[in-house]
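Okay, structure first, notes after.
Each residue takes its place number in the sequence, starting with 1.
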Amino acid sequence: MKTFTVKFDTVDNAASFVKAIEDFHSHFDLIYGKYVVDAQSLLGVMTMNLREAVDLRIMERDGEMERIMAAIAPYIAAWISEYHKHNFH
């Protein structure tokens, strides 16, 4: 199991994230406080507060982690970039 912090800037960004992970066999949860939703469910993702960073928990199956990392990299990078912009400049 691995956990990353991700952030979606727009509804379209959140929808593209769901599209990027929907075909994997691994299990993905988005966690915000006490709320946990299936990250492969667009409806579930849309219930999250999209203005805040959330934790993405991945329970890998079938040796998919390398492909998963490539798919989610833009969402992790977007969060890191935003964090650095507000905290180090």
I'd like to check Ile68 versus Ser26 (side-chain heavy atoms, cut-off strictly below 4.5 Å). Are they in contact? yes
Glu52: partners by side-chain contact (heavy atoms from CB on, under 4.5 Å), with sequence neighbours left out: Tyr32, Asn49
Please enumerate all residues that pass side-chain hydrogen bond (donor to acceptor under 3.5 Å, both in side chains) together with Asp38, with sequence neighbours excluded. none
Which heavy atom in Val6 sits nearest to a heavy atom in Leu30, and how many Å separate them? CG2-CD2, 4.0 Å
By side-chain contact (heavy atoms from CB on, under 4.5 Å), Asp62 pairs with (sequence neighbours left out) His25, Glu64
Let me see the working for Asp55 and Phe4 under side chain to side chain contact (heavy atoms under 4.5 Å, CB included), right down to the final yes or no. CA-CA 6 Å; Asp55 287 332; Phe4 301 93; over 6 Å; no
What pairs with Arg61 under salt bridge (charged side-chain N to carboxylate O under 4.0 Å, His left out), at least two apart in sequence or on another chain? none
Residue pair Phe17, Leu56: steps toward the side chain to side chain contact (heavy atoms under 4.5 Å, CB included) verdict: CA-CA 11 Å; Phe17 170 81; Leu56 170 66; 3.9 Å; yes
Give the minimum heavy-atom separation between Pro74 and Ala70, together with the two atoms involved. CD-O, 3.9 Å
Could you work out, with side-chain contact (heavy atoms from CB on, under 4.5 Å) as the rule, every residue matching Arg57, not counting sequence neighbours? Met1, Thr3, Asp29, Ile31, Val36, Met59
Taking it one step at a time, do Leu43 and Val37 satisfy side chain to side chain contact (heavy atoms under 4.5 Å, CB included)? CA-CA 9 Å; Leu43 184 59; Val37 300; over 6 Å; no
Between Gln40 and Phe24, which heavy-atom pair has the shortest distance, and what is it? NE2-O, 3.2 Å
Who passes side-chain contact (heavy atoms from CB on, under 4.5 Å) against Ala14, sequence neighbours left out? Phe8, Val45, Met46, Leu50
Give the minimum heavy-atom separation between Ala20 and Ala71, together with the two atoms involved. O-CB, 3.9 Å
If you compare all heavy atoms of Ala53 against all heavy atoms of Thr5, which two are closest, and at what distance to 0.1 Å? CB-CG2, 3.6 Å
Answer with yes or no whether the hydrophobic clustering places Val11 together with Ile21; edges join I, L, V, M, F, W, Y residues whose side-chain heavy atoms lie under 4.5 Å apart. yes
Across all chains, not counting sequence neighbours, the salt bridge (charged side-chain N to carboxylate O under 4.0 Å, His left out) partners of Lys2 are none
Name all residues meeting the side-chain hydrogen bond (donor to acceptor under 3.5 Å, both in side chains) criterion together with Ser16; count only those two or more places apart in sequence or in a different chain, and write none if there are none. Tyr75
Met65 side chain near Ile58 side chain, heavy-atom distance below 4.5 Å: yes
Can you list the residues that meet the side-chain hydrogen bond (donor to acceptor under 3.5 Å, both in side chains) rule with Glu60, with sequence neighbours excluded? none
